[in-house]
Amino acid sequence: MKQTYISEIPKHLGGEITIKGWLYNKRSSGKLGFLEIRDGSGIIQGIASKKDVSEQCWSDCERVTQESSVIIIGVPREHPKRPGVYELDIKDMQIVQVAHEYPITPKEHGVEFLMDNRHLWLRSRRQHAILRVRHEIIRAVRDFFDNNGFILCDTPIFTPAACEGTSTLFEVQYFDDKAYLAQSGQLYNEATAAAFGKVYCFGPTFRAEKSKTRRHLTEFWMVEPEVAYAKLDDIMELSENFISYIVGRVLENRKEELKQVERDTTMLEKITPPFPRLEYDNVVKILQLGHAEGKLENRFEWGGDLGSPDETYISSQFEKPVMVHRYPAAVKAFYMEPDPERPELALCVDVLAPEGYGEVIGGGERASSLEFVLNRIHEHGLPEEAFNWYLDLRKYGSVPHAGFGMGIERAVAWICGLEHVRETTPFPRMLYRLKP
RNA sequence: UCCUCAGUAGCUCAAUGGCAGAGCAUCCGGCUGUUAACCGGAGGGUUGUAGGUUCGAGUCCUACCUGAGGAGCCA
């Protein structure tokens with residue numbers, strides 16, 4: 001018999017259907033068996049009555065264990081006491097496999113245990129909800145760029161020696177050479193932007209930072225648009241439209257999932273353009289005031305990069321994401337365009353998510369002058385020959401251009417209101433955790 | 001790399017320096033509307049590892065291992 005998915009059940013009320021899935025949980029009351037079945041599309045409670053099913057079926061209902069794979073024939077109908085909730089009257093059941101004792105019981109578990117059993121943890125309601133939101137975010141990201149004239153131009157994951165020179169890279173053997181896993185598609189994006197105008201890349205990136213916090217993965221997905229002829233203001237506008245679109249899509253299509261993870265959506269509903277724009281200089285003042293009022297432990301000095309407590313404090317002053325722009329050039333990557341009015345500042349922007357979720361977007365205008373980029377490469381002690389192709393972009397039709405990168409996992413954590421990014425991807429890679 | 005906290009049954013946790021326990025899971029029995037179902041019973045332990053203090057250590061001390069989240073660094 002043709003398989004029906006649980007999500008499609010409202011269309012099949014009163015008719016006999018076949019559900020193929022797994023036993024999520026089981027309860028019984030004498031001659032009644034309550035079997036919660038999941039099939040990936042949803043969960044439904046099946047009811048087997050001893051007097052209505054075969055002896056074989058009843059004994060199967062009794063012996064079937066949590067997460068056993070089962071094929072069930074039954075008739076769906078509304079719950080007698082709960083409108084809008086559906087149940088399945090079980091007519092017959094075939095056990096595909098009786099599951100061994102399942103480690104994840106319907107009880108609380110610790111982080112270590114759940115992470116060791118991540119391959120099984122994915123079957124739970126909460127993980128389903130989060131990963132469905134992730135899927136919606138990724139679809140929204142693609143739709144946003146695809147519908148706005150951007151071309152997907154993916155960038156390589158194996159990269160040669162030097163890239164940005166800022167963060168720590170993973171080194172891998174590449175035949176007789178050494179290669180590094182990409183920490184950003186940024187530089188290659190500049191080449192494709194010069195070819196296609198508006199581009200984006202979307203893929204995994206790798207950081208070998210020994211960061212062990214709720215915001216860090218060693219492998220994460222980043223989407224990076226790059227726009228030829230764009231200035232800092234253009235990219236800030238793109239950022240706020242982009243984020244607002246994604247949040248809107250999740251609110252529109254993933255209400256149930258947000259409810260499942262107990263996300264208070266009132267904060268998300270406020271995410272509409274424009275976002276507050278703050279110059280770095282003003283951020284310094286706010287942070288120093290915060291310190292004077294005893295709300296921040298350390299006094300922030302002009303010239304430093306924002307630490308995590310600083311970001312949290314700044315974002316807590318606003319309900320929307322905050323765009324902090326014009327950082328000191330010294331704390332940013334070598335390719336940032338200097339502010340013509342104050343060359344010690346870079347034309348860059350970080351978007352800080354509300355509620356303490358930190359930086360979700362980093363970007364800015366890229367330096368377009370050959371001489372300037374060359375100087376910066378030397379100042380940063382980077383090997384010029386590795387950047388010959390990058391310098392070519394400044395020789396052959398150099399234009400102002402700008403772009404940004406958004407870490408998907410941080411966006412998912414923020415939109416879902418999660419404590420930790422480890423739940424935002426099926427198999428998170430973190431410092432000291434490579435399995436499963 | 002540094003700081004803080006934690007490690008006891010398959011899981012989540014109790015146990016004043018004095019007999020190592022409960023709930024869930026598993027197995028057996030009961031219950032015709034259960035919702036982390038419930039009720040009764042059973043099995044299940046080298047208390048992370050190695051030393052030390054003590055008549056006596058799960059508990060106190062030292063080192064190490066593992067995990068957690070914070071700093072730095074980063075998205």
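Everything quoted here is computed from the prediction, not taken from an experiment. In what follows, chains are A, B, ... by sequence order, proteins preceding strands, each numbered from 1.
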Exercise. Per the salt bridge (Lys or Arg N to Asp or Glu O under 4.0 Å) rule, which among A:E269, A:E355, A:E257 passes with A:R263?
Worked result: A:E355
Exercise. What integer number of Å spans the P atoms of B:C64 and B:C27?
Worked result: 44 Å
For this session: Measure from the ring center of A:Y174 to the ring center of A:F158 and say whether it is less than 6.0 Å.
Result: yes
Exercise. Does atom CZ of A:F196 have more than 12 heavy-atom neighbours, drawn from other residues, nucleotides or ligands, at distances under 6.0 Å?
Worked result: no
Exercise. In the strands shown, is B:C19 matched to any nucleotide by a Watson-Crick or G-U wobble pair with both distances under 3.5 Å, and which?
Worked result: none
For this session: Figure out the CZ/P separation between A:F34 and B:U32, and round it to whole Å.
Result: 11 Å
For this session: Can you label the angle between the A:Y280 ring and the A:Y327 ring as parallel, tilted or perpendicular, going by 30° and 60°?
Result: tilted
Problem set entry | Residues from residues 41-52 of chain A lying under 4.0 Å of RNA chain B - heavy atoms | A:Q45, A:I47, A:K51
For this session: Under 4.0 Å from any atom of RNA chain B, heavy atoms only: list the residues of residues 345-359 of chain A that qualify, in numerical order.
Result: A:E359
Listed pairs, N/O of protein and of nucleotides 11-14 of chain B, under 3.5 Å:
unit_1 : atom_1 : unit_2 : atom_2 : d
B:C11  : O2'    : A:H109 : ND1    : 2.3
B:U12  : OP1    : A:G110 : N      : 2.9
B:U12  : O4'    : A:E108 : O      : 3.2

Seminar exercise, completed: Interatomic distance, NZ@A:K231 vs CG@A:L347, rounded to 0.5 Å, equals 7.5 Å
Problem set entry | Separation of atom CD in A:E297 from atom P in B:G72, rounded to whole Å | 10 Å
For this session: Take atom C1' in B:A22 and the same atom in B:U4, then report the distance between them in whole Å.
Result: 30 Å
Problem set entry | B:U26 pairs with, by Watson-Crick or G-U criteria that keep both distances under 3.5 Å | B:A42
Problem set entry | Under 3.5 Å on both distances, the Watson-Crick or G-U partner of B:G7 | B:C65
Exercise. Separation of A:E209 atom CD from B:C74 atom P, in whole Å?
Worked result: 7 Å
Problem set entry | Rounded distance in Å between the C1' positions of B:A9 and B:G45 | 6 Å
Seminar exercise, completed: If pairing means Watson-Crick or G-U wobble with both distances under 3.5 Å, then the partner of B:U53 is none
For this session: Can you tell me, in whole Å, how much space there is between the P of B:A50 and that of B:U8?
Result: 16 Å
Exercise. At under 4.0 Å between heavy atoms, what does A:R215 touch on the DNA or RNA strands: base, sugar-phosphate, or nothing?
Worked result: base
Exercise. When rounded to the nearest Å, what value does the distance between C1' atoms of B:G43 and B:U34 take?
Worked result: 27 Å
For this session: Once you apply the 3.5 Å cut-off to both distances, tell me the Watson-Crick or G-U wobble partner of B:A71, or none.
Result: B:U1
Problem set entry | Heavy atoms of other groups near A:E379 CD, more than 12 under 6.0 Å | yes
Problem set entry | Whether over 12 other heavy atoms sit under 6.0 Å from A:K285 NZ | no
For this session: Nearest whole angstrom, please: distance from the P of B:C74 to the CG of A:D310.
Result: 13 Å
Exercise. Taking C-beta and beyond as the side chain, do A:R63 and A:I95 meet within less than 4.5 Å on heavy atoms?
Worked result: yes
For this session: Identify the heavy atoms of A:M406 and A:A411 that sit nearest to each other, and give their distance.
Result: CE-CB, 3.9 Å
Problem set entry | Flag for A:E190-A:Q186: side-chain donor and acceptor within less than 3.5 Å | yes
For this session: Answer yes or no: does atom OH of A:Y390 have more than 12 heavy-atom neighbours from other residues, nucleotides or ligands under 6.0 Å?
Result: yes
Exercise. Run the salt bridge (charged side-chain N to carboxylate O under 4.0 Å, His left out) check on A:R326 and A:E279 step by step: do they pass?
Worked result: CA-CA 6 Å; A:R326 292 178 166 81; A:E279 285 196 34; 5.2 Å; no
Problem set entry | Euclidean distance, atom CG of residue A:L306 to atom P of B:C73 [Å, nearest integer] | 11 Å
Exercise. Taking atom P in both B:G21 and B:U62, what distance in whole Å separates the two?
Worked result: 30 Å
For this session: Check RNA chain B against residues 59-95 of chain A and give the residues with a non-hydrogen atom under 4.0 Å, in numerical order.
Result: A:R77, A:H79, A:P80, A:K81, A:R82, A:E87
Exercise. Just how far, in rounded Å, is P of B:U66 from CE of A:M115?
Worked result: 17 Å
Please enumerate all protein N or O atoms sitting under 3.5 Å from an N or O of nucleotides 1-6 of chain B, with distances to 0.1 Å.
unit_1 : atom_1 : unit_2 : atom_2 : d
B:U1   : O4     : A:K210 : O      : 3.3

Problem set entry | P atoms of B:G33 and B:C28, separation to the nearest Å | 24 Å
For this session: Tell me whether the OP1 or OP2 atom of B:C73 has a side-chain N or O from A:H216 closer than 4.0 Å.
Result: no
For this session: Identify whether any heavy atom of A:L217 sits under 4.0 Å from a base atom; if not, whether one sits that close to sugar-phosphate; answer base, sugar-phosphate or nothing.
Result: base
Problem set entry | Whole angstrom value for the distance that separates P of B:G44 from CD of A:E101 | 15 Å
Exercise. If we take the P atom in both B:U66 and B:C24, what is their distance in whole Å?
Worked result: 35 Å
Exercise. Any side-chain heavy-atom pair from A:I17 and A:L88 closer than 4.5 angstrom?
Worked result: yes
Exercise. Should A:E409 and A:R134 count as side-chain neighbours, where that means a heavy-atom distance under 4.5 Å?
Worked result: yes
Problem set entry | Any-strand Watson-Crick or G-U partner of B:U34, both distances under 3.5 Å | none
For this session: May I ask you to list the residues of residues 24-33 of chain A, by number, that have any heavy atom positioned under 4.0 Å from an atom of RNA chain B?
Result: A:N25, A:R27, A:S28, A:S29, A:G30, A:K31, A:L32
For this session: Go ahead and name the base partner of B:A14; Watson-Crick or wobble counts if both distances stay under 3.5 Å, otherwise write none.
Result: none
For this session: Take atom CG of A:L169 and atom P of B:C73, then tell me their distance rounded to the nearest Å.
Result: 17 Å
Seminar exercise, completed: Heavy-atom closest pair (A:I157 atom, A:F206 atom, distance to 0.1 Å) is CG2-CE1, 3.6 Å
Exercise. Looking at A:F202, A:F145, A:F144, A:F242, which hits ring-ring contact (aromatic ring centres under 6.0 Å, His included) with A:F150?
Worked result: A:F145
Exercise. Is the shortest distance from a Lys or Arg side-chain nitrogen in A:K26 or A:E36 to a carboxylate oxygen in the other one below 4.0 Å?
Worked result: no
Seminar exercise, completed: Taken to the nearest 0.5 Å, the spacing of A:E224 CD from A:Y188 OH works out to 12.5 Å
